[in-house]
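For reference, the structure is listed below as structure tokens.
Heavy-atom basis, side chains included; hydrogens, waters and symmetry copies ignored. So you know, we letter chains A, B, ... as the sequences are listed, proteins then strands, and number each from 1.
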Amino acid sequence: MSSYDLLNPEQKEAVLHTEGPLLILAGAGSGKTRVLTHRVAYLIEQGTAPWNILAITFTNKAAGEMRERVDKLVGLGSDSIWVSTFHSTCVRILRRYIDRLGFDTSFSIYDTDDQKSVMKEVCKKLQIDTKVYRERMLLGAISHAKDELISPEQMRLDAGADWNQQKIAGVYAEYQAQLRKNNALDFDDLIMKTVELFRNCPDVLDYYQERFRYIMVDEYQDTNTAQFQLVSLLAAKYRNLCVVGDDDQSIYRFRGANIMNILNFEQVFPDAKVIKLEQNYRSTSNILNAANEVIHHNQGRKDKRLWTDNGTGVPVRFRQFQNAFEEAEHVVGNIVSHIQKEEAEYKDHAILYRTNAQSRLFEEKLIYANIPYKIIGGVNFYARKEIKDLLAYLKTVDNGRDEVAVRRIINVPKRGIGATTLSRVGEFAVANDMGFYEALLNAEEIPGIGRGASKVLPFTALIQTLRAKQEYAKVSELLETILEETGYRRELILEGTDESEARLENIDELMSKVKDYDENAENPSLSGFLEEVALVADIDNLEEESNHVVLMTLHSAKGLEFPYVYMVGMEDGLFPSYMSIVADNPQEEIEEERRLCYVGITRAKKELTLTAARQRMVRGEIQYNMVSRFVKEIPDEYLENKTENPGQRAKEAKEQRINQRKQAMLEARRSLRAKPIQSKMVAATKASHLDYGVGDRVKHIRFGEGTVLEITEGAKDYEVRVNFDTAGVKKLFASFAKLQKIY
DNA sequence: GGTTGGAAACTTTTT
DNA sequence: GTTTCCAACC
């Protein structure tokens, strides 16, 4: 028996169809990764050289998973198959050939933060009123143009007499000029410049066309025009292009994804073979039917209906609550009961929401319930201030032309270099046609800089030392030097606040990532490390092995699956979002939200719970929301709706309020009564109350094990100071931290 | 040049 | 409710 016998007929057909264009319409949970990996294995079995295969995904996580599975199937030679994301593929190509476009191959990659800094400069230079033209709006317009491969010149032409558009085109042109000056590319440039390279240099294109004779693209519905062009160019010679996607899971239109890429694939490649994978191996039929019904409300999609022989399962549950607190409590309570009944582990549960802001309440309840959790998204690790500062040092060492990086750190930690000095340096640099850092090196010659020069000197000396050191030192050694020589670490230790401790922890984490890179990378180098770091998304850090409840946005959840899924905040105005309801083209926008809902539902394997709150705090104001229209689109036969009739509901709510007041009163009395006793026999009460004392070893859910240093009595609670083995000294409230004594 | 406090903006989603 | 920005002060 060969391994292909485990595939269903459609999957098998997709695997065996290797020549010519192929579109695989793969519904959620239909085993597309399996098809892709087997397809790679089959190609190699048929005699294709591993280095002639390119598989492109969107996230590093997806790439890593595919790589792992391919390795298992193929074995020898599998490392010469390119399995990588759009962005890293492009970086790899550009690092080799971007000098053809007038950039240096050691270019920096700018993230959103860096882009903002550049845009600020641009607006200052062009005297743009940022009250009228918001930086965010300008960057958005530029990004959108790049997704569509529109150059500044083209934008200017397209603008015609539209003065507003003309202005934006001007900003775009200057922004590109700044990036070039800094020898930097932003995210969108990575794709666009690669296309430009291919168009301008036929020899380079030909090299890669020969190299990648078989190309596969995952999550094809999320590709934008630039990515489509890139893939088309690469595949133009051999035409062995296999794309896998699901138009119903297209949720990145706001980021420029062009759904037409998948809907029109057959028009662009008339000889394309189309295979539909409609058997779902993931969910119960109740969950799947609910998903089918919801997505059926969309127009303009390729018709398909997923089916499964997994059995009916339990109905989808819907619960509406008085407020977001009760909603969070219910979800967490539900998870706790699964754990207690030993039906499931923490990692079997995912809480999915529309906006990152919704995570906080769940986080609080989970801490309170002592449940380990992991939040994906929000602020990217590499976007944190201290991390960005340190990376800016490394970038300055790596790419001397990266002005954004230099400006970021020239006065961090404080060296007494202020705005006046900086603008003098800037003027000098422009006047002498040199880079900003170059000007700093010549600080003593800059007129009117006065004492400033003596402050700049130690900084440039450090950078020069690091540059020399870079030749032979590991990246971790460079970072260590930076931390020591600049006093960055010392400053944070001296500060001694909770915040500075958190920053120090993050720095330790960065250090361990650097060390990991030093040891495990094939050819470790400073540029290599910075590149890797620039292209990671938060989702890439989700490890299957660790046992956590996972919290994330519906967007981040695409491609994942969990036995128990909670979709929370199912309210009109939140999901679908208010923005989509009041948009110029609500139909289209709401269809995108509906696809997002479809993605969410189809993440669930065993049980799906939908929740909503009648009132919730949004931006400090109470909002009253109706139940999401998407919930109403699920027929009753698949839904267990335990929302009572209004009369009953009001009555229960009233009872609940009365109960809550009673509870509050009891609590107040208890604390009043407890107080005097505590103050009389402090030690005794503490021992019985906290069951640990000074000197005891305790365990905390997040910080691990540690020793109790001090217990102080606060107004409402005990404040415990603990020296944790790994996390350092922390002050915690006893009732919140739920410390456990270790015997 | 650095610190501080109050006002304003923000929140839809991110490689 | 939180973060970011800017002006007035030190």
*With a non-hydrogen cut-off below 4.0 angstrom, is A/Glu593 in contact with a base, only sugar-phosphate, or nothing?*
base

*Going by atom types only, do A/Asp247 and A/Gln221 share a side-chain donor-acceptor pair under 3.5 Å?*
no

*Pairs satisfying side chain to side chain donor-acceptor pair (under 3.5 Å), at least one member in residues 135-151 of chain A, at least two apart*: A/Ser143-A/Asp188, A/Lys146-A/Gln176, A/Lys146-A/Asp186, A/Lys146-A/Asp189, A/Asp147-A/Asn224, A/Glu148-A/Thr225, A/Ser151-A/Glu153

_For B/dT13, is there a stacking contact with A/Phe254, counting only centres under 5.5 Å and planes under 30°?_
yes

Output a table of nitrogen or oxygen pairs between the protein and nucleotides 5-10 of chain C separated by less than 3.5 Å.
none

_Length of the line joining A/Lys385:NZ and C/dT4:C1', which is rounded to integer Å_ = 14 Å

*Any side-chain N or O of A/Thr112 less than 4.0 Å from the OP1 or OP2 oxygen of B/dT14?*
no

*Test salt bridge (Lys or Arg N to Asp or Glu O under 4.0 Å) applied to A/Arg594 - qualifying residues, sequence neighbours left out*: A/Glu633

*Under 4.0 Å between a side-chain N or O of A/Arg619 and OP1 or OP2 of C/dT3?*
no

*A/Lys125 atom NZ, neighbour heavy-atom count above 12 within 6.0 Å*: no

*Could you give the CD1-to-P distance, from A/Ile109 to B/dT14, as a whole number of Å?*
20 Å

*Output yes when at least one side-chain N/O atom of A/Ser556 is less than 4.0 Å from OP1 or OP2 of B/dT14, else no.*
yes

*Check every strand shown and say whether A/Arg134 touches a base, only sugar-phosphate, or nothing at a heavy-atom separation below 4.0 Å.*
sugar-phosphate

*What nucleic acid atoms does A/Asn60 come within less than 4.0 Å of, heavy atoms only: base, sugar-phosphate, or nothing?*
nothing

*Would you please name every residue forming a side chain to side chain donor-acceptor pair (under 3.5 Å) with A/Asp111, sequence neighbours left out?*
A/Lys388

_Does the structure place the NZ or CZ of A/Arg92 under 6.0 Å from the centre of the six-membered ring of A/Trp82, at an angle of no more than 45° from the ring's axis?_
yes

*State which residues pass salt bridge (Lys or Arg N to Asp or Glu O under 4.0 Å) with A/Lys32; sequence neighbours excluded, sorted by chain then number.*
A/Asp218, A/Glu219

*Are the ring of A/Phe187 and the six-membered base ring of B/dT15 within the stacking cut-offs of under 5.5 Å and under 30°?*
yes

*What's the CD-P distance between A/Glu589 and B/dT13, to the nearest Å?*
14 Å

Between the protein and nucleotides 1-6 of chain B, which nitrogen or oxygen pairs are less than 3.5 angstrom apart?
from, atom 1, to, atom 2, distance (Å)
B/dG1, OP1, A/Thr421, OG1, 3.3
B/dG1, OP2, A/Ala419, N, 3.4
B/dG1, OP2, A/Thr420, N, 3.4
B/dG1, OP2, A/Thr420, OG1, 2.8
B/dG2, OP1, A/Asn411, ND2, 3.3

*Contact class for A/Arg595 vs. all strands (heavy atom < 4.0 Å): base, sugar-phosphate, or nothing?*
nothing

_Contact under 4.0 Å: A/Arg253 side-chain N or O vs B/dT13 OP1/OP2_ = no

